Asker: 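Take this structure first; my questions come after.
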Amino acid sequence: MPETQNVTANQTEQRELRYDPQRIEEKWSARWQADPDLYAAEPHDSKRKKYYVLEMLPYPSGVLHIGHVRNYSIGDALARYMWMRGYNVLHPMGWDAFGLPAENAAIKNNVPPREWTLHNIANMKAQMNRLGFAYDWSREVTSCLPEYYRWNQWFFLKLYEKGLAYRKKSKVNWCPECATVLANEQVVEGCCWRHEETPVEQRELEQWFVRTTNYSDELLRDLEKLAGWPEKVRVMQRNWIGRSEGALIDFTIDGLTGRAGDKITVFTTRIDTIYGATSIQLAPEHPVVADLVGNDHHLHAKVEDLVREQGSAREAGDIGGIEKHGVFTHRYAINPFNQEKIPIWIANYILMDYGTGAIMSVPAHDERDHEFAHKYGLEIRVVILPRRVGEPPEEGKEEKPLLPYTEKESLLINSDEFDGLSNQDAIEKMSAYAEQHGFGKKTVTYRLKDWGISRQRYWGTPIPMLYCEKCGIVPVPEDQLPVLLPDKIDITLQGGSPLARVPEFVNATCPKCGGPARRETDTMDTFVDSSWYFYRYTNAQLADRPLDTKTVEYWFPIDQYIGGVEHAILHLIYSRFWTKFMRDIGLIHNDEPVLRLFTQGMVIKGGAKMSKSKGNIVSPDEMVARFGADSTRMYSLFAAPPDRDLDWQELGVEGVHRFLGRVYRFVMRNAQAAKTTARSDGGPLSPQARAIQRKLHQTIRKITDDFQGRWHFNTCVAATMEFVNELYGVESAIAAGNFPAEILAEAQKKVVLLLAPFAPYLAAELWEVLGETDNLLRYPWPDYDAELAKEEEIEYAVQVNGKLRSRLSVPADCPEDLVLERALADDKVRTSLDGKQVVKTIVVPGKLVNVVIK
RNA sequence: GCGAAAGUGGCGGAAUUGGCAGACGCACCAGACUUAGGAUCUGGCGCCGCAAGGCGUGGGGGUUCGAGUCCCCCCUUUCGCACCA
C-alpha cells in the first residue's frame, strides 16, 4: 500500500508541474480584459517619454492569419519592452473595415455588410485578446462607423475647398471582378491587386481625383529624411514618383503651319541630341493622330492594330516585351533647331500617359529608337562622341557612338552652333535657346498620377457631394456631415454604384438654392481610411474634430511602424500625402507620419506562400489550442529574424512549447528554495554560483543589445534558452541546499522579466509564483553589471599558420607576452612546429594566438 | 535587361568590427526514469576516416598571419523596376 501512495503523490506532483498553457493563459486573459486601463497610454502631458508603436491595421476578413500573428508579435514585444524601459507607450489597434469582401459576402450569404464586418471584428478581437496582445482598446478605430468616416468626408470637403479634389472624365482602370474603378497603385502587372488573374480594363468615366501630384516633389524630397525606413521601400517610392527632368519642344507639322493643332509637343530628357532626331514618334492614342490619318482607311486600320497591340501588352503586364511596330503617316514635322523636315510615325511603344505621348526619335543615342530605326530603315545620325571636350580622338580607337548613351565624356558634333559642347552644357544652352525662341521650355515630369478615389461600390465612405441642376457641383455643408451610408440595400455587382438605386439616398436638397439635387453615389477608395487612421488613435473619442493638434504633436511621428512590404507604395505613399495636406491646412505640424518603418518577412510553409489552393494554411487558433499563445508568438519570433521570410514548422512551435515548459517547471520547483535555502556567507561565491551569476549578466547584456540594436529576437530567445539550460545544470546543487538563495532568486526573477516581451502569459504567471505583485510591465527591464558579466578565465585558440592546433586557458588579465609564451610552450604547438622557424606571432587579446612558421 | 537582398549541417537558423564555423531549436541516435508515455531528465550529433588526420559556409580566383565576413568573375533563388522618352 505505501507504494501505491507514493505513486499517487508522484502523479499529483507531475500534474502540478505540467506546463498547461490553456489554464494559465485563460486565467490571465480574463484578468487582463477585466482591466481596461492595463495597457492605456498616459495622456499627452505625461512626464514619461513617449513611444508610439504601431502595427498596420487589419482588414476584418473574419479570422487572423498567421502573418498577422507574426506582425503583432513583433509589435507587442516591442511595446512591452518599451513599457519596461519606462516609456509612455501608445499601442493601439483598429479595423480597416470598409471594402469589397463585405459586399461579396453580402451577396453570397445574404448578410448585410455592416453585420458581417462587425461580426468579423468581434471574432478577430477575441483572437487578439486570446493571443494576449497589449492593445489600448479605448482608442479602437473602426473605419466603417460614422464616427470615423464622417472625418473622411470632412477631409474631402477640405481637399475640395483647397482645389485638391476635382472631378474629371478620364480613362480609368476598371476591374470587372470588383465591378469598380482602381487607382493606378492598385494595378499590378496589368491586373487587379485583389484579383491577380483579372486583367484591368480601361473605361472612360467621370471620377473624383485627389491632387497627389501637387506634392510630387515634396514626397520625393522628403524620402531623404526617412533614414529609419528600409532603403528598399524608399527606392520603390522614388521609382513610383518617377521624377524626370527634361524639356518640352514644339515641332510644327509641315503644311499645317498657322492652323490650330499645327504642333506636336515632345518631351525629352536629352535635348542635347535633338540634331540627331530623325523622326517623330507618336503614341497610337495621341489626339493629333486622328487629324494626321484623316480619311486614309488603310492607315486608320493600322493605327487600330497599334492601339490593340499596346493594349494587350499592357494587360499582359509586359509593355517592355512588346515587339516594336509603327506606321508612317506620310507627314513631316519641322525640327525647330535646324528647320529639318523629319517623318512623323505612329508607334506601339509610345505611351500616351507619360510625357506628352510624343517623342523625338534619336536612333544613334537611344536603344529603343535605334531598334525601331533599324527595323524601318530610318536614318541614324551621330551627334555625340564619347570624348572629352578639347581632347583629340584617341589613336586607333574607333569612336563608336554609345548605345545607350550616357557618360560625362561627351562632345557634340553635327549640331551647328552647339558643336564642341559637352552634353551637360548643351542641355543647358539648348534649353535656354528653345525658351528664347519660344518653341520649348524646361520641364519636370512625374510618373506619379493624381489619385482617383471614386469607387462604384456600396461599402465605403459616401463622397459628400451633390449635383444640382441649377448650381452644379455643390459640397455637402460641414454641419450636415456625416452623409450616412444607408443600411438596407440590395447589393449586386452589376449596374454601377449600388447607392444609385436607393432613392432616399440619391434624392436630396441643394443647400445653395433649395432645389432638388442628386447625391454623389460613388464611395471613397478605402485607402482614404487608412491614410490618417493613426492620427485618430491619439484621441479616438473626439466628437467635434478629427484630431487634437496638441495631442498629435506629443505622439507624432510614429516611432515604429510595422507591417508587410506589400504596402510600400499604396498605403505608405497615400498616408505621406495625407500628412502633408493636413499640415498645410494647419491641423498638424509634422511633415512625415512615420519615423521608423519595419517591413517584416512573409510567413511561408514548405517553401511556398500560404494559400487556400495549396492547402498549406496555418491556423493561429489551432496553434493556440495545441501549444498556447505564448508558444505560438514566441516561435514566430524565434524561427527567423523578423525581416526575413519565415518557414512555419509545427515541430518548431512544439520545441518552443517544450522550452517554456522547462522554464515553468524550474520556477515551480525552485521558487520556494530561493526563500528557504541559505544565502551566501558574504565571501566569494562558489564557482558554480559565480558561473550562473556571470551567465545571467551576460544574457541580460546580449538580449538588451539584440533587442534595441538589431531586432534579432531569434537570438534573444536563444540566449534565454542557453541560460535556462545552465540553470538546469545546477538544479541538483539547489536541491541539496548548496546554492546561494540570493543568486537563485535573482536568476529566477530576471529570467521572468527577460521573457515578458516574448511570452507575456507565462511571465505573468511566474511573476505571481515568485510572489511579486507589481504590474510586470511597469517593472523596469533588468540592468546588467559589466563587472559581474566578466569572464575570469579566457580560453585562447592557438593556431599554427592559421590552423587551430590547441586551446589555452589563462586568467583574463594575463598579459599578452605571457599568453604567447604559454602558447609556444604548448605540447601540440611544439609538435606542429617540429623544428621549423617561427617567422611571426600574432596575439589577438582575449581571442587567439597565431604562430606563423616557415 | 537594370537594381536590391540572399545562398552556411538532414531542417529553421547563429557567428555584431576580418579572429575557435555550425550558438539556440527541430529531427535523429544512445542512456536514465517509468503501470511503455507522442511525458521528463542526461549525453551524442557537419562530412570522410577505426584512428591520427583531412575536408568544409553556391562555384572559381585574389588580398591577408588569418576570410562565411573584404575585392574580382561566374551560377542559383527571391523581391522590386522595366519601352518612362
Side-chain angles (χ1 to χ4, degrees), chain A residues 4 7 10-11 14 17-19 230-233 235-236 238-240 242-244 246 266-270 273 281 283 310 313 317-324 347-351 353-362 366-369 371-372 445-447 565 568-569 601-602 607 635 638-641 643-656 658-659 661-662 665 702 705-706 709-710 712 714-722 725 728-729 731 795-807 839-853:
Chain A
T4 321
V7 166
N10 217 346
Q11 279 177 339
Q14 291 280 323
L17 286 178
R18 216 192 80 206
Y19 169 50
E231 185 53 26
K232 184 184 170 167
V233 173
V235 167
M236 282 165 78
R238 206 171 293 135
N239 290 341
W240 186 259
R243 183 179 199 273
S244 173
V266 306
F267 173 69
T268 178
T269 55
R270 295 296 309 279
T273 63
Q281 302 289 342
Q310 196 176 78
D318 189 25
I319 284 279
I322 196 173
E323 200 191 328
K324 291 181 181 52
N348 63 353
Y349 72 98
I350 307 300
L351 306 170
D353 54 12
Y354 185 78
T356 60
I359 65 155
M360 60 178 206
S361 173
V362 185
D366 182 283
E367 215 170 348
R368 299 154 298 177
D369 294 347
E371 188 188 331
F372 191 88
T445 57
Y446 295 90
R447 222 177 72 117
V565 74
I569 295 187
M602 277 193 312
Y635 171 73
F638 175 60
D643 51 339
R644 279 215 238 163
D645 285 354
L646 184 164
D647 200 328
W648 194 271
Q649 296 181 0
E650 276 172 30
L651 285 168
V653 190
E654 203 175 316
V656 171
R658 196 147 40 201
F659 164 67
R662 274 165 77 76
R665 286 188 297 276
K702 162 121 185 107
D705 286 356
D706 282 0
R710 312 190 302 163
H712 277 202
N714 53 334
T715 55
C716 293
V717 176
T720 317
M721 288 171 168
E722 266 185 76
N725 290 345
Y728 267 73
E731 219 188 342
E795 193 174 73
Y796 276 80
V798 183
Q799 299 179 333
V800 175
N801 281 353
K803 286 194 191 276
L804 183 70
R805 287 291 177 246
S806 185
R807 292 169 200 282
V839 186
K840 193 176 177 184
T841 55
I842 290 132
V843 180
V844 182
K847 294 225 164 102
L848 62 67
V849 178
N850 191 9
V851 182
V852 187
I853 59 169

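Keep in mind that what you see is a predicted model, and the values were worked out from it rather than measured. In what follows, chains carry the letters A, B, and so on, assigned in the order in which the sequence lines appear, proteins first and then strands, with residues in each chain numbered from 1. Side chains are part of it too, since the values below use all heavy atoms of this structure and drop only hydrogens, waters and symmetry mates.
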Asker: Heavy atoms only, 4.0 Å cut-off, all strands: where does A:Gln799 land among base, sugar-phosphate and nothing?
Answerer: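 If one applies the 4.0 Å heavy-atom cut-off, A:Gln799 turns out to touch a base.
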Asker: Rounded off to whole Å, could you give me the CG-to-C1' distance for the A:Leu804 and B:rG54 pair?
Answerer: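 About 14 Å, once rounded to whole Å.
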Asker: Whole-Å distance between B:rA85 C1' and A:Gln310 CD?
Answerer: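 From A:Gln310 CD to B:rA85 C1': 13 Å.
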Asker: Between B:rC83, B:rC24, B:rA27, which one does the side chain of A:Asn348 approach most closely?
Answerer: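 So the side chain of A:Asn348 is nearest to B:rC83.
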Asker: Without decimals, in angstroms, what is the distance between A:Arg238 CZ and B:rG80 C1'?
Answerer: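 It works out to 13 Å between those atoms.
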Asker: Each nucleotide in nucleotides 42-48 of chain B should get exactly one letter: B, S or -. Can you fill that in based on protein heavy atoms under 4.0 Å?
Answerer: S------
Asker: Among all residues two or more places apart in sequence or in another chain, which pass the side chain to side chain contact (heavy atoms under 4.5 Å, CB included) test with A:Lys232?
Answerer: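 With sequence neighbours excluded, A:Lys232 shows a side chain to side chain contact (heavy atoms under 4.5 Å, CB included) to A:Met236, A:Val565, given in chain and number order.
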Asker: Need one value for A:Gly242: base, sugar-phosphate or nothing, where a base atom within 4.0 Å counts as base even if backbone is also close, heavy atoms only.
Answerer: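 The answer is nothing, as A:Gly242 stays clear of every strand by at least 4.0 Å.
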Asker: Hey, is the main chain of A:Gln310 close enough, under 3.5 Å, to the side chain of A:Asn348 for a donor-acceptor pair?
Answerer: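 Side chain of A:Asn348 to backbone of A:Gln310, a donor-acceptor pair under 3.5 Å: no, none is there.
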Asker: Mind checking what makes side chain to side chain contact (heavy atoms under 4.5 Å, CB included) contact with A:Asp647, not counting sequence neighbours?
Answerer: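 With sequence neighbours excluded, A:Asp647 shows a side chain to side chain contact (heavy atoms under 4.5 Å, CB included) to A:Ile604, given in chain and number order.
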Asker: With A:Lys324 as the cation and A:Phe372 as the aromatic partner, state whether NZ or CZ is under 6.0 Å from the six-membered ring centre and within 45° of the axis.
Answerer: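 Cation-pi check for A:Lys324 and A:Phe372: fails.
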Asker: Quick one: side chain to side chain contact (heavy atoms under 4.5 Å, CB included) partners of A:Arg665, sequence neighbours excluded?
Answerer: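 Once residues adjacent in sequence are excluded, the partners of A:Arg665 under the side chain to side chain contact (heavy atoms under 4.5 Å, CB included) criterion are A:Leu17, A:Arg662, A:Arg669, A:Tyr728.
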Asker: Figure out the CG/P separation between A:Asp647 and B:rA6, and round it to whole Å.
Answerer: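 Whole-Å distance recorded here is 19 Å.
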Asker: Using a cut-off of strictly less than 4.0 Å, decide whether A:Arg447 has a side-chain nitrogen or oxygen near OP1 or OP2 of B:rA82.
Answerer: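 For A:Arg447, the contact criterion (side-chain N or O under 4.0 Å from OP1 or OP2 of B:rA82) is met.
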Asker: Quick one: is B:rA27 close enough that its OP1 or OP2 comes under 4.0 Å of any side-chain N or O from A:Arg658?
Answerer: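 Indeed, a polar side-chain atom of A:Arg658 lies that close.
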Asker: For the C1' atoms, the ones on B:rC28 and on B:rG38, what distance do you get once it is rounded to whole angstrom?
Answerer: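 To the nearest whole Å, 15 Å.
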Asker: Taking A:Tyr635 for the side chain and A:Gln649 for the main chain, is one N or O donor matched with an acceptor at less than 3.5 Å?
Answerer: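 Here the side-chain-to-backbone pair exists.
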Asker: When you compare B:rG44 with B:rC26, how far apart are their P atoms, in angstrom units rounded to a whole number?
Answerer: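 About 15 Å, rounded to a whole number of Å.
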Asker: For the backbone of A:Ser361 and the side chain of A:Asp366, can you confirm whether one donor and one acceptor N or O come within less than 3.5 Å of each other?
Answerer: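 Such a contact is absent between A:Asp366 side chain and A:Ser361 backbone.
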Asker: Write down the distance separating the C1' atoms in B:rC65 and B:rA14, rounded off to the nearest Å.
Answerer: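 Roughly 26 Å separates the two C1' atoms.
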Asker: Please state whether the phosphate of B:rC65, meaning OP1 or OP2, lies under 4.0 angstrom from any side-chain nitrogen or oxygen of A:Lys840.
Answerer: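 True: A:Lys840 side-chain N/O within range (under 4.0 Å) of B:rC65 OP1/OP2.
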Asker: Mind checking if A:Arg243 touches a base, just sugar-phosphate, or nothing, with heavy atoms under 4.0 Å?
Answerer: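 Nothing: the residue A:Arg243, judged by heavy atoms under 4.0 Å, touches no strand.
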Asker: Looking at B:rA15, I'd like to know if its phosphate oxygens (OP1 or OP2) sit under 4.0 Å from a side-chain N or O belonging to A:Arg710.
Answerer: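 Indeed, a polar side-chain atom of A:Arg710 lies that close.
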Asker: Hey, could you give me the NE2/NZ distance between A:His712 and A:Lys702, rounded to the nearest 0.5 Å?
Answerer: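 That separation rounds to 9.0 Å.
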Asker: NA contact type, A:Ile350, heavy-atom cut-off 4.0 Å: base, sugar-phosphate, or nothing?
Answerer: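 Contact class for A:Ile350: base.
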Asker: With a 4.0 Å limit, can you tell me whether A:Ser244 has a side-chain N or O closer than that to the phosphate oxygens OP1/OP2 of B:rA85?
Answerer: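 For B:rA85, OP1/OP2 do have a side-chain N/O of A:Ser244 under 4.0 Å.
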Asker: What is the distance, to the nearest angstrom, from the CE atom on A:Met721 to the C1' atom on B:rC26?
Answerer: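 Rounded to the whole Å, the gap is 10 Å.
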Asker: Considering only atom P, compute the distance from B:rC70 to B:rA4 and round it to an integer number of Å.
Answerer: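 About 15 Å, rounded to a whole number of Å.
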Asker: Distance check needed: B:rG54 C1' versus A:Lys803 NZ, whole Å only.
Answerer: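 To the nearest whole Å, that distance equals 9 Å.
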Asker: Would one find a side-chain N or O of A:Arg644 under 4.0 angstrom from OP1 or OP2 of B:rU78?
Answerer: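 Negative; the distance criterion is not met.
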Asker: Where the side chain of A:Phe638 is defined as all heavy atoms beyond and including C-beta, which of B:rG12, B:rA85, B:rU16 is the nearest nucleotide?
Answerer: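 Nearest to the side-chain atoms of A:Phe638, counting from C-beta on, is B:rG12.
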Asker: Once you apply a heavy-atom cut-off of 4.0 Å, does A:Leu651 come out as touching a base, just sugar-phosphate, or nothing?
Answerer: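 Counting heavy atoms under 4.0 Å across all strands, the contact made by A:Leu651 is with sugar-phosphate only.
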Asker: When the C1' atoms of B:rG9 and B:rA5 are compared, how many Å lie between them, rounded to an integer?
Answerer: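 Going atom to atom, C1' in each nucleotide, I get 24 Å.
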Asker: A:Thr356: what forms a side-chain hydrogen bond (donor to acceptor under 3.5 Å, both in side chains) with it, not counting sequence neighbours?
Answerer: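 With neighbours one apart ignored, the set is empty.
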Asker: Output yes when at least one side-chain N/O atom of A:Asn714 is less than 4.0 Å from OP1 or OP2 of B:rG25, else no.
Answerer: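 So the side chain of A:Asn714 is outside the cut-off, no N or O lying under 4.0 Å from OP1 or OP2 of B:rG25.
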Asker: Where the side chain of A:Gln649 is defined as all heavy atoms beyond and including C-beta, which of B:rA14, B:rG12, B:rA85 is the nearest nucleotide?
Answerer: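 Nearest to the side-chain atoms of A:Gln649, counting from C-beta on, is B:rG12.
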Asker: Check for a donor-acceptor pair, side chain of A:Tyr796 on one end and backbone N or O of A:Gly846 on the other, with a separation under 3.5 Å.
Answerer: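 Judged by distance alone, yes, a pair lies under 3.5 Å.
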Asker: With rounding to whole Å, what would you report as the distance between B:rC11 and B:rC55 at their C1' atoms?
Answerer: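 To the nearest whole Å, 23 Å.
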Asker: Which nucleotide, B:rA85, B:rC65, B:rC81, lies nearest any side-chain atom of A:Thr269?
Answerer: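 The listed nucleotide nearest to A:Thr269's side chain is B:rA85.
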Asker: Whenever both distances are under 3.5 Å in a Watson-Crick or G-U wobble pair, mark it; put RNA chain B into dot-bracket that way, with [ ] for crossing pairs and | when the partner is on another strand.
Answerer: (((((((..(((......[....))).(((((.......))))).(((....)))..(((((..]....))))))))))))....
Asker: Say whether, by atom type as modelled, one donor and one acceptor occur between the side chain of A:Asp645 and the main chain of A:Met602 under 3.5 angstrom.
Answerer: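 Indeed, once roles are kept as given, a pair shorter than 3.5 Å links the two residues.
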Asker: Provide the distance between the two C1' atoms, one in B:rC2 and one in B:rA67, to the nearest whole Å.
Answerer: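 Roughly 30 Å separates the two C1' atoms.
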Asker: Between A:Val851 and A:Asp705, name the one whose nearest nucleotide on RNA chain B is closer to the 5' end.
Answerer: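 The answer here is A:Asp705.
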Asker: Looking only at the side chain of A:Lys232 (C-beta and beyond, no hydrogens), which of the listed nucleotides B:rA15, B:rC79, B:rC81 gets closest?
Answerer: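 The listed nucleotide nearest to A:Lys232's side chain is B:rC79.
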Asker: Distance between the P atoms of B:rG68 and B:rU63, in whole angstroms?
Answerer: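 Pairwise P distance, B:rG68 against B:rU63, rounds to 16 Å.
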Asker: Would you indicate which nucleotide in B:rG25, B:rC41, B:rA14 comes nearest to any side-chain atom of A:Arg665?
Answerer: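 When the side chain of A:Arg665 is considered, B:rC41 is the closest of B:rG25, B:rC41, B:rA14.
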Asker: Between A:Met236 and A:Phe267, which has a closest nucleotide on RNA chain B that is more 5'?
Answerer: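 It is A:Met236, whose closest nucleotide lies nearer the 5' terminus.
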Asker: Given B:rG13, B:rA15, B:rC81, identify the nucleotide with an atom nearest to the side chain of A:His712.
Answerer: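 The closest nucleotide is B:rA15.
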Asker: Please classify the nucleic acid contact of A:Glu795 as base, sugar-phosphate, or nothing, using heavy-atom distances under 4.0 Å.
Answerer: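 Result for A:Glu795 = base.
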Asker: Remember a base hit wins even if backbone is also touched, and classify A:Asp645 as base, sugar-phosphate or nothing at under 4.0 Å, heavy atoms.
Answerer: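 Since only primed, P, OP1 and OP2 atoms lie under 4.0 Å of A:Asp645, the category is sugar-phosphate.
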